[in-house]
Amino acid sequence: MRRLVGLTWGLGLLMAVGGCAAAGSVPGGAAPSSAVDGSAVDGGAVGGDPGRQREAFDERAAEVAGAWRPGPEWSGGYLPLQDATVLTGQPGFDAGTEAAFRAGWYRDQIALPTDVPADGAIRFPDGALTVPLISAAEAYRQLDQGDPPPCEGRPRGPRPAEPTAGTRPDDPVSTQAACIPLTVTGVTLGTAEVRTSRGIAAVPAWIFTVAELTSPVARLAVASRAVTAAPGPVTPNRPLPAGVAGADQLRRVDGARLTYTVGMGACDSGPTALVRESDDVVVVGGGVVRGTGECIELAVLKPVTVTLAAPLGKRPVLDVATGRVLTLAAH
């Protein structure tokens, strides 16, 4: 069987596909009452035994949790746990605008201020921290990830009543337009709610008005020198157990409900969500059934949702494969 030796998460390798977790699959760990939401999928067992799969995951997760050693900055500095681009409300996406937002395709229709504002304050549940900021022009430079390539996009509308010059009445008419960027028409300095190591904080942000969306897009305005990096991963000195896959990214945090993506091979089936939580940390991964025979060498990400025994709060979410802190995707 031809497979990937290791899964490298990059845009060239990823194919986001739908997924669900197994109903009633209760992970082991400090909080055995945690529940996994979703419809049933193929068992994903180690040696055909789902119980052994969960046992193998829990042993690995205990190692990852035991190695977690956050520094003083975790509780005293500014350590964001999500992407620096934040939606401030319901954006009113269609397929084209959501693709542009996810890819970071923008064009500006205004003069962007280059002046650096005075220091601002991040307001945490346990206090405040004064930090240096960046200009609106610099925030836009970070927001804009380039121009969209030519591709199918929004419908152009119905066929014209009369054929245009140089066409025949039976010629097919394209109903698609090229991909377009989002249009920035205004910017102000404000704040955005951000998940951090100290809880949900109000963080200074440049708020960009976007013509195609029903709510602005915020880009965090804190200078990079004031941002603390998450603790580095501590990977156990042994391979990931068979049938257990790592987690790549948090998609959503809603109280005790987590949605995250599991990395797996293109011909693997599942995944089921696996989680081990304690008072200090939550470790997540997925159970999969490895495909057999010849298979394309392609890594895929599948989302799963799990309900914890208690709201996530300030606890970090760690990947069972690498021990790294998972962060929220742009949302």
Side-chain angles (χ1 to χ4, degrees), residues 11 73 76-125 127-149 153-154 178-230 249-253 327-331:
L11 290 177
E73 297 86 358
Y78 169 54
L79 201 162
L81 295 178
Q82 68 180 74
D83 191 86
T85 299
V86 182
L87 287 170
T88 61
Q90 293 298 322
F93 281 144
D94 60 22
T97 55
E98 183 171 8
F101 174 77
R102 301 297 176 195
W105 296 331
Y106 293 88
R107 60 184 174 191
D108 61 285
Q109 298 294 298
I110 58 171
L112 293 162
T114 58
D115 295 339
V116 176
D119 291 354
I122 301 174
R123 304 198 179 280
F124 302 96
L129 180 67
T130 300
V131 291
L133 304 182
I134 60 175
S135 68
E138 173 61 18
Y140 178 80
R141 187 190 68 78
Q142 297 175 6
L143 180 73
D144 182 20
Q145 298 300 303
D147 297 327
R154 298 178 173 180
C179 290
I180 63 168
L182 300 174
T183 309
V184 171
T185 59
V187 62
T188 58
L189 185 60
T191 61
E193 286 195 346
V194 177
R195 183 172 181 262
T196 76
S197 61
R198 297 167 63 178
I200 302 299
V203 179
W206 287 105
I207 312 297
F208 293 95
T209 302
V210 176
E212 294 83 3
L213 303 182
T214 56
S215 64
V217 173
R219 181 73 189 186
L220 301 185
V222 181
S224 59
R225 63 183 182 276
V227 180
T228 301
Q249 189 179 65
L250 281 176
R251 289 280 185 87
R252 185 176 179 84
V253 176
T327 57
L328 273 172
H331 73 290

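Heavy-atom basis, side chains included; hydrogens, waters and symmetry copies ignored. Here the structure is a predicted model, which means the values were calculated and not measured. Numbers here are sequence positions counted from 1.
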If you take all heavy atoms of Ala221 and Trp206, which pair is closest and at what distance?
CB-CD1, 3.6 Å
Holding to side-chain contact (heavy atoms from CB on, under 4.5 Å), I want the full list of residues that pass it with Ala100, two or more places apart in sequence or in another chain.
Trp105, Leu182
Are Thr327 and Asp83 close enough, and set up right, to give a side-chain contact (heavy atoms from CB on, under 4.5 Å), and what steps lead you there?
CA-CA 7 Å; Thr327 57; Asp83 191 86; over 6 Å; no
Report yes if some heavy atom in the side chain of Thr88 is under 4.5 Å from a heavy atom in the side chain of Val217; otherwise report no.
no
For Ala139 and Arg219, which heavy atoms make the closest approach, and how far apart are they?
O-CG, 3.6 Å
Looking at CG of Leu133 and CG of Asp115, how far apart are the two atoms once the value is rounded to the nearest 0.5 Å?
13.0 Å
For Glu73, side-chain contact (heavy atoms from CB on, under 4.5 Å) partners two or more places apart:
Thr228
Taking side chain to side chain donor-acceptor pair (under 3.5 Å) as the definition, give me every residue that meets it alongside Gln249, ordered by chain and number, with sequence neighbours left out.
none
Residues that Ala137 engages under side-chain contact (heavy atoms from CB on, under 4.5 Å), provided they are two or more places apart:
Leu112, Thr114, Ser135
The test is side-chain contact (heavy atoms from CB on, under 4.5 Å); show your working for Leu143 and Thr85 and say whether it passes.
CA-CA 7 Å; Leu143 180 73; Thr85 299; 3.7 Å; yes
Mark yes when over 12 heavy atoms from residues, nucleotides or ligands other than Gln90 sit less than 6.0 Å from its CD; otherwise mark no.
no
Heavy-atom pair with the smallest gap, counting every atom of Val227 and Pro80:
CG1-CD, 3.6 Å
Which heavy-atom pair separates Ile207 from Ala218 by the least distance, and what is that distance?
CD1-CB, 3.6 Å
Below 3.5 Å, can you tabulate the donor-acceptor pairs from side chains in residues 183-190 to any protein atom, sequence neighbours excluded?
residue: Thr183; atom: OG1; partner: Arg107; partner atom: NE; Å: 2.9
residue: Thr183; atom: OG1; partner: Arg107; partner atom: NH2; Å: 3.3
residue: Thr183; atom: OG1; partner: Glu212; partner atom: OE2; Å: 2.7

Rounding to 0.5 Å, atoms CG (Asp108) and CG (Asp144) come to a distance of 8.0 Å
How long is the straight-line distance from OG of Ser224 back to CD of Gln142, given to the nearest 0.5 Å?
7.5 Å
Roughly how far, to the nearest 0.5 Å, is the CG atom of Leu87 from the CG atom of Leu213?
7.5 Å
When the ring planes of Tyr106 and Tyr140 are compared, do they come out parallel, tilted or perpendicular, using 30° and 60° as the limits?
perpendicular
Tell me every residue that passes salt bridge (Lys or Arg N to Asp or Glu O under 4.0 Å) with Arg198, counting only those two or more places apart in sequence or in another chain.
Asp126
side-chain contact (heavy atoms from CB on, under 4.5 Å), that's the test. Do Tyr78 and Leu220 meet it? Break it down for me.
CA-CA 12 Å; Tyr78 169 54; Leu220 301 185; 3.4 Å; yes
How many angstroms lie between CD in Gln145 and CZ in Arg102, if you round to the nearest 0.5 Å?
14.0 Å
Say whether, by atom type as modelled, one donor and one acceptor occur between the side chain of Thr191 and the main chain of Val203 under 3.5 angstrom.
no
Any chance you could lay out the side-chain contact (heavy atoms from CB on, under 4.5 Å) test for Thr196 and Leu81, step after step, and finish with the verdict?
CA-CA 5 Å; Thr196 76; Leu81 295 178; 5.6 Å; no
Determine the minimum heavy-atom distance between Ala201 and Ile122, stating which atoms define it.
CB-CG2, 3.9 Å
For the residue pair Arg195 and Ile200, what are the closest heavy atoms and their distance?
CA-CD1, 3.7 Å
